[in-house]
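What follows is a short report on a single structure.
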Number of protein chains: 2
Amino acid sequence: MPRIAPKMPKRLAVAALELFGERGIDDVTVEQIAARVGVTKGSFYSHYRSKHEIILAACTHYYQTHLRRLHAETARLAHPRDRLRRALELSIRICVADERNRVFTSDLFAMALHDEPVRQSWAQFYNAVREMLVGLVSAVHAESGSNGSDARHSVDLMLAAIEGVKLRAGFEPHVADPAEQRAIVDGMMHYLCSSRQPGPAEAP
Amino acid sequence: MPRIAPKMPKRLAVAALELFGERGIDDVTVEQIAARVGVTKGSFYSHYRSKHEIILAACTHYYQTHLRRLHAETARLAHPRDRLRRALELSIRICVADERNRVFTSDLFAMALHDEPVRQSWAQFYNAVREMLVGLVSAVHAESGSNGSDARHSVDLMLAAIEGVKLRAGFEPHVADPAEQRAIVDGMMHYLCSSRQPGPAEAP
DNA sequence: CCGCACTCATACCAAAGGGTATGCTTCGCG
DNA sequence: CGCGAAGCATACCCTTTGGTATGAGTGCGG
């Protein structure tokens, strides 16, 4: 076989991510990942030290792909409100309709609770998404002179809601209906764009 | 050993739930569950046909305990708004501060995606919690003459947010701070109690 | 008091899968 | 042209764990 194995580590990571989305992280074997790119397990271990390493590589690939897509889809629009809506639409669509995403990230959440490297990688990704959304919400508020610190709390709650909607869609498939998605996005836009004080205790 | 083993299946289910919360479902062995109640694996299999059965039993126990607690904590209050707030406070407190709950339910979510009985059991539990919260929100709206169908959508989004906050607290522990919890509950109360139309398209 | 049934422990089986050691093939460089 | 290194496949090891078969002990009912 050729001595040059271009991008084999990357191809393995991509294959792993696909399989993790199809079957869940624990139900994918190293042998299956290797077979997906046409090699055997021995080859796999000449590129990755362990199954744990390929999991982290698959995560990294997923984060980069997701963030790139989010940026690409919103960069086309000029108005901050439209960009925010588009970001929410994309996020909700992926969360409710992309079963592979749900399977993979659900396993990842569970794994993150007892695996520090996985937890840290997810936290960084989550923060990157949050910063992007906070920027979008702040831009919307700047048009109506609102409180920026409110944006962060609102975004936190809506990001949490997005993750929760993803879980809910796993056992209530009708959430993926376009009308349901629209209602969810409308609810989130209303919540994020309403200019209000954070809570009674902080009311002037 | 005594022929009468009072409530052994229940004791095994409770022990399983504790262990699942400590270590995650997959990382608990049947042997460990049996040992936790002072017997061995052979005994376990005289009460349960499989590990999967004890998982379902642990789920059932968890759902019943959680619902009972929710009802007990809110039943004491008279005003619908106070009951709703108390239900949210309890839910948020459990979600952010109870690590065992997070570990167990995260694994359960991941498992529910490819396990029909687990998914159905979770969906039933989720629906029971939702019906309870919808009832509380409707009672609040009844005091101010609002749209009942709006309550269902709002509750859906806030339930999703609760699940998402649970996940977020797994990698951002500061979410468990009392001030953060209060801000989250305030945000949710605001969202649930505001009497508004579902979206611009449906505005009169 | 005996027999039966229940509950339990022990020992074992089987399967799965992460990981490793070894050897083969090919290519590039000196 | 030969040698060394890279990439790969094969065969195997080892551990873990779900599950089972069998036998022992005890209590209850007739």
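We name chains A, B, ... by the order of the sequence lines, and we start the count at 1 in each one.
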For residues 155-172 of chain B, tabulate all N or O donor-acceptor pairs below 3.5 Å that involve a side-chain atom, not counting sequence neighbours.
from	atom 1	to	atom 2	distance (Å)
B:D156	OD1	B:R130	NH1	2.9
B:D156	OD2	A:R168	NH2	3.1
B:E163	OE1	B:K166	NZ	3.4
B:K166	NZ	B:N101	OD1	3.1
B:K166	NZ	B:T105	OG1	2.9
B:R168	NE	B:E172	OE1	2.7
B:R168	NH2	A:D156	OD2	3.1
B:R168	NH2	B:E172	OE1	3.2
B:E172	OE1	A:R130	NH1	3.1
B:E172	OE2	A:R130	NH1	3.3
B:E172	OE2	A:R130	NH2	2.4

*State, to the nearest 10°, the angle formed by the axis through the first five base pairs of the helix from C:dC1-D:dG30 to C:dG30-D:dC1 and the axis through its last five.*
10°

_A:Y45 OH to C:dG17 C1', straight-line distance once rounded to whole Å_ = 8 Å

_Test: ring pair (Phe, Tyr, Trp, His ring centres under 6.0 Å). Region: residues 71-108 of chain A. Which pairs qualify, not counting sequence neighbours?_
A:Y62-A:F104

*Non-neighbouring partners of B:P173 that pass side-chain contact (heavy atoms from CB on, under 4.5 Å), sequence neighbours left out*: none

_Which heavy atom of A:L70 sits nearest to which heavy atom of A:S91, and what is that distance?_
CD1-OG, 4.0 Å

*Please, which pairs that meet salt bridge (charged side-chain N to carboxylate O under 4.0 Å, His left out) have at least one residue in residues 23-38 of chain B, sequence neighbours excluded?*
B:E18-B:R36, B:E22-B:R36

*For A:H52 and C:dG17, what is the distance between atoms NE2 and C1' respectively, to the nearest whole Å?*
17 Å

*Measure from CD on A:E31 to C1' on D:dC12 and round the result to the nearest Å.*
13 Å

*Check the angle between the aromatic planes of A:W122 and A:F109 and answer parallel, tilted or perpendicular using the 30° and 60° thresholds.*
perpendicular

*Exercise: do B:Y63 and B:S121 side chains pair donor with acceptor under 3.5 Å*: yes

*Residues two or more places apart in sequence or in another chain: which of them pass side-chain hydrogen bond (donor to acceptor under 3.5 Å, both in side chains) with B:R83?*
none

*Figure out the NZ/P separation between B:K51 and D:dG18, and round it to whole Å.*
5 Å

*Output the distance between atom CE (A:M111) and atom CG (A:D107), rounded to the nearest 0.5 Å.*
9.0 Å

_salt bridge (charged side-chain N to carboxylate O under 4.0 Å, His left out): pairs with one or both residues in residues 60-74 of chain B, sequence neighbours excluded_ = B:E73-B:R86

*Take the protein atom CZ of A:R49 and the nucleotide atom P of C:dA21, then report the distance between them rounded to whole Å.*
16 Å

_Check against ring pair (Phe, Tyr, Trp, His ring centres under 6.0 Å), A:F125 and A:H66_ = CA-CA 9 Å; A:F125 165 65; A:H66 190 91; 5.6 Å; yes

*asked:* Can you list, in residue-number order, the parts of residues 13-24 of chain B that come under 4.0 Å of DNA chain C, counting heavy atoms only?
replied: none

*Of all residues at least two apart in sequence or in a different chain, which pass the ring-ring contact (aromatic ring centres under 6.0 Å, His included) check with A:Y48?*
A:F44

*Return the residues of residues 110-118 of chain B meeting this criterion: a heavy atom under 4.0 Å from some atom of DNA chain C. Order them by number, or give none.*
none

*Starting from P on D:dG7, measure out to CG on A:L12 and report it in whole angstrom.*
12 Å

*Looking at DNA chain D, which of residues 32-44 of chain A put a heavy atom within less than 4.0 Å of it?*
A:G38, A:V39, A:T40, A:G42, A:S43

_Any residue meeting ring-ring contact (aromatic ring centres under 6.0 Å, His included) with A:F20, in chain and number order, not counting sequence neighbours_ = none

*Grab the CG-P distance between B:D26 and D:dG18 for me, whole Å please.*
9 Å

*asked:* Nearest whole Å is fine: how far is D:dT17 P from B:I25 CD1?
replied: 16 Å

_Tell me whether the side-chain N/O atoms of B:H47 come closer than 4.0 Å to OP1 or OP2 in C:dC8._
yes

_Under a 3.5 Å threshold, yes or no: a donor from one side chain and an acceptor from the other, between A:Q120 and A:E116?_
yes

